[in-house]
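What follows is a set of notes on a single structure, which appears directly below.
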Number of protein chains: 2
Amino acid sequence: MNEQEKTLYAAKAAVLKALAHPTRLWMAEQLAGGEKCVCEFVNAVDFDFSTISKHLAVLKQAGIVEDEKRGKQVFYRLKVPCVLQFIGCVEAVLKANLRQSCSTAGK
Amino acid sequence: MNEQEKTLYAAKAAVLKALAHPTRLWMAEQLAGGEKCVCEFVNAVDFDFSTISKHLAVLKQAGIVEDEKRGKQVFYRLKVPCVLQFIGCVEAVLKANLRQSCSTAGK
DNA sequence: ATCATGCTTGGCATGATAGCCAAACGACCG
DNA sequence: CGGTCGTTTGGCTATCATGCCAAGCATGAT
């Protein structure tokens with residue numbers, strides 16, 4: 001792996017890393033249904049306003065969402081919707097894991 | 001978000017997290033071309049044997065790869081190939097980021 | 001049996017993340 | 001103006017991740 005490849009993989013991994021957190025993944029999925037303001041997220045989960053805000057900043061920095069201020073509120077929306085393609089596959093992995101642990105447990 | 005959902009998102013995020021590291025992502029992509037033994041990875045990147053081994057253990061634990069010992073060597077292969085669907089989208093995000101930073105720089 | 005090879009595990013130092021609180025900030029309201 | 005609301009930022013601590021080294025453990029060769 002040369003330097004250029006290293007940089008590329010670091011960049012790709014950074015995008016995945018942004019989604020690799022329960023709260024952030026959840027927010028990304030929520031945004032699939034349309035834009036939401038920060039307060040909507042805060043109301044739905046029991047986390048500090050600042051915590052949610054920072055998570056959204058991570059997603060924004062990764063280029064996954066974009067924000068727009070309207071009045072007092074800031075709305076976030078998905079910038080690259082294909083991000084949600086992931087989920088199907090992630091769920092496939094989970095199912096495979098489950099199947100395996102069940103069959104193992106059954107023995 | 002209730003308890004059950006929290007658990008689900010934690011599980012999904014854990015899978016993504018396993019891939020959210022440059023070396024691990026690179027190895028997963030390498031495995032798309034067929035199984036490889038640990039030593040092949042070690043030779044290709046300048047990391048300690050133990051480091052590579054631990055990364056592979058993370059991927060295995062997440063259910064993304066599976067291993068098989070044959071003789072002295074251990075071979076790893078992708079367990080859920082759709083994992084590589086991700087990559088296309090991740091690259092789309094990177095391209096979008098690039099376009100934006102270019103157009104910003106151009107002003 | 002002894003040894004070398006391929007790999008995993010334990011342990012440690014270092015750095016990154018997550019969440020909370022407090023403070024700052026900008027937009028609107030009176 | 002001064003206040004309030006929605007949000008971001010700074011700062012702190014606790015927890016987790018990464019990579020190296022050294023040691024351990026199988027497997028196959030001598």
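Chain A is the first sequence line, chain B the second, and so forth, proteins listed ahead of strands; every chain is numbered from 1.
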Are the side chain of A:Asn97 and the backbone of B:Ala62 linked by a donor-acceptor contact shorter than 3.5 Å?
yes

Quick check against the 3.5 Å criterion: does A:Glu5 have a side-chain atom that pairs as donor or acceptor with the backbone of A:Asn2?
yes

Need to verify one output field. Residue with the more 5' nearest nucleotide on DNA chain C, A:Lys54 or B:Lys69?
B:Lys69

With DNA chain D as reference, determine whether B:Asp48 or B:Lys17 sits nearer its 5' end, using the nearest nucleotide of each.
B:Lys17

Classify A:Lys60 by what it touches in the nucleic acid, base, sugar-phosphate, or nothing, heavy-atom distance under 4.0 Å.
nothing

Across the strands shown, which category fits A:Thr23 at heavy-atom distances under 4.0 angstrom: base, sugar-phosphate, nothing?
nothing

Mind calculating the distance between [atom1] ([X]) and [atom2] ([N]) to the nearest angstrom?
X       : N      : atom1 : atom2 : answer
A:Phe75 : D:dT7  : CZ    : C1'   : 12 Å
B:Leu56 : D:dT18 : CG    : P     : 13 Å
B:Met27 : D:dT18 : CE    : P     : 11 Å
A:Phe41 : D:dT7  : CZ    : P     : 11 Å
A:Arg70 : D:dT7  : CZ    : P     : 12 Å
B:Gln73 : D:dA29 : CD    : C1'   : 15 Å

Got a sec, which pairs hit side chain to side chain donor-acceptor pair (under 3.5 Å) with one end in residues 12-25 of chain A, sequence neighbours left out?
A:Lys12-B:Glu29, A:Lys12-B:Glu91, A:Arg24-A:His55

Does OP1 or OP2 of [N] have a side-chain N or O of [X] closer than 4.0 Å?
X       : N      : result
B:Thr51 : D:dT18 : no
A:Tyr76 : D:dT8  : yes
B:His55 : D:dC20 : no

Closest nucleotide among D:dC20, D:dT8, D:dC5 to the A:Ser53 side chain:
D:dT8

Sequence neighbours excluded - disulfide (SG to SG under 2.5 Å) pairs with any residue from residues 54-96 of chain B
A:Cys82-B:Cys89, A:Cys89-B:Cys82

Between B:Asp67 and B:Lys60, does the side chain to side chain contact (heavy atoms under 4.5 Å, CB included) criterion hold? Intermediate values first, please.
CA-CA 8 Å; B:Asp67 61 341; B:Lys60 181 182 168 187; 3.1 Å; yes

Watson-Crick or G-U wobble mate for D:dG2, both contacts under 3.5 Å:
C:dC29

Per ring-ring contact (aromatic ring centres under 6.0 Å, His included), A:Phe41 is matched among A:Phe75, A:Trp26, A:Phe49 by A:Trp26

In terms of hydrophobic clustering (I, L, V, M, F, W, Y; side-chain heavy atoms under 4.5 Å; direct or indirect links), are A:Ile87 and A:Met27 co-clustered?
yes

Min and max contacting nt of DNA chain C in 5' to 3' order, chain A heavy atoms within under 4.0 angstrom, are C:dT17 to C:dC28

